[in-house]
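Contents: one structure, followed by commentary.
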Amino acid sequence: MTTVAVVGTGAIGVSWAAHFLNHGLDVVASDPAPGAEDRLRDGVAEIGADPARLTFTADAGQAAAAADLVQENAPERAEVKHALFAVLDEAARPDVVLASSSSGMLPTEIARAATRHPERVLVGHPFHPPHLVPLVEVVPGERSSEAATDAAMAFYASVGKTPIRLRRELPGHIANRLQAALWREAYSLVDRGVASVADIDTAISQGPGLRWAVLGPFANQHLSGGPGGIAHVLEHLGPPTEAWWRDLGHPVMTPELERKIIDGVDEELAGVDPAALARYRDTVVRAVLAAKKEFDT
């Protein structure tokens, strides 16, 4: 593959475009919004990608017709996805994978609009920002072919991503569902007055979040069991963990809870420049990724 169409150039699309450019691919980007091309080029330059191999068109079909793979990043609304994928399916060559960056929609639902070749439609969900975070969740739908799924897995790996394949489609895929589980309890703790927003952020960023950046939940749990590994953990902490599960909260997103969260974040980040905070986060993530790469080899 030499040319990728990036359809939809919001924050995710800009990041994808920069990532593909930095890996030597030609990028044909498309977005109908006024001023989209200028914002795209500014964003790509800010990330540090060379825009020499970037072209732009407001016509999504024209972009898809020129591409070896399409990465779609439109808003998370079924009617928008359906209208767009009808165009992409009509314009792209039959062998071209149509991958959606959707963070939660099912690929089977997205593919309903692709009446010509639904077998090449799937989800290729990145983690924000795609130019920095390696994970891509490849989610085939009911009609997605093995050839398209394998091609997507190989493509993402070839551009430095770490793809994982879901064996069954679910709303929110894997990583967002895991995040949602954590958020559910975090919001519940705030709602019940157990802890402040700042304390919960500290509990994760200065505690298990440090280990989770290195190994996943199962591998970390295995290491915590000493010589007995995860079998020892499950023997001794299995029953207490079940009790904790039963005690987890079930918050409802009421206006009152929303206000508690908003006020808590405002208090935690009072006087902090959001752009500077994002730069700090990205700098530390780069350092962690560099350390992982060094020690993995």
Side-chain angles (χ1 to χ4, degrees), residues 8-19 33 35-36 38-40 42-49 73 75-76 101-104 125-137 172-217 220 244 247-292:
T9 58
I12 298 297
V14 168
S15 185
W16 264 132
H19 183 79
D38 289 341
R39 289 190 295 272
L40 169 64
D42 289 345
V44 163
E46 184 176 347
I47 291 171
N73 316 280
E76 295 280 284
S101 294
S102 174
S103 60
H125 173 239
F127 236 59
H128 181 70
H131 71 273
L132 183 58
V133 179
L135 177 65
V136 178
E137 297 172 312
H173 320 317
I174 296 176
N176 274 336
R177 290 176 71 93
L178 292 171
Q179 284 195 138
L182 176 63
W183 287 332
R184 187 180 83 171
E185 184 60 12
Y187 278 53
S188 176
L189 293 172
V190 172
D191 197 30
R192 289 184 281 170
V194 174
S196 69
V197 166
D199 285 342
I200 291 170
D201 277 350
T202 298
I204 295 300
S205 65
Q206 302 300 317
L210 296 171
R211 298 185 304 199
W212 292 341
V214 182
L215 298 171
N220 272 307
W244 299 341
D247 192 51
L248 292 177
H250 299 274
V252 177
M253 197 65 73
T254 62
E256 292 75 19
L257 177 54
E258 290 183 7
R259 178 46 53 192
K260 287 180 182 179
I261 299 300
I262 293 168
D263 288 348
V265 171
D266 287 344
E267 181 180 348
E268 179 186 14
L269 302 180
V272 176
D273 177 14
L277 187 61
R279 287 193 297 271
Y280 164 75
R281 177 203 62 196
D282 292 352
T283 299
V284 174
V285 169
R286 287 189 181 94
V288 170
L289 290 172
K292 285 166 67 76

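Side chains included, hydrogens not; waters and symmetry mates left out as well; all remaining heavy atoms used. Since the model is a prediction, treat every value here as computed from it, not as a measurement. We're numbering straight along the sequence, starting at 1.
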Quick check against the 3.5 Å criterion: does His173 have a side-chain atom that pairs as donor or acceptor with the backbone of Ser102? yes
Please indicate whether Glu267 has more than 12 foreign heavy atoms, meaning atoms of other residues, nucleotides or ligands, lying under 6.0 Å from its CD. no
Among Val190, Val194, Leu182, the one residue meeting side-chain contact (heavy atoms from CB on, under 4.5 Å) with Ile200: Val190
Between the side chain of Arg184 and the main-chain N/O of His250, is any donor-acceptor distance below 3.5 Å? no
Is the side chain of Asn176 donor-acceptor paired with the backbone N or O of Ser103 at a distance under 3.5 Å, no angle test? yes
Would you please test Trp244 and Glu185 for side-chain contact (heavy atoms from CB on, under 4.5 Å) and show each step? CA-CA 11 Å; Trp244 299 341; Glu185 184 60 12; over 6 Å; no
Main chain of Ala11, side chain of Ser15: is a donor-acceptor contact present, judged purely on distance under 3.5 Å? no
Salt bridge present between Glu46 and Arg39 (N-O < 4.0 angstrom): no
Look at the side chain of Lys260 and the backbone N and O of Gly193, then say whether any donor-acceptor pair between them is shorter than 3.5 Å. no
With a 3.5 Å distance limit and no angle check, can you tell me whether Asp191 reaches the backbone of Pro251 through a side-chain donor-acceptor pair? no
Correct closest heavy-atom pair for Arg286 and Leu132 would be CG-CD1, 3.3 Å
Which of Thr283, Val288, Leu289 passes side-chain contact (heavy atoms from CB on, under 4.5 Å) with Val285? It is Leu289
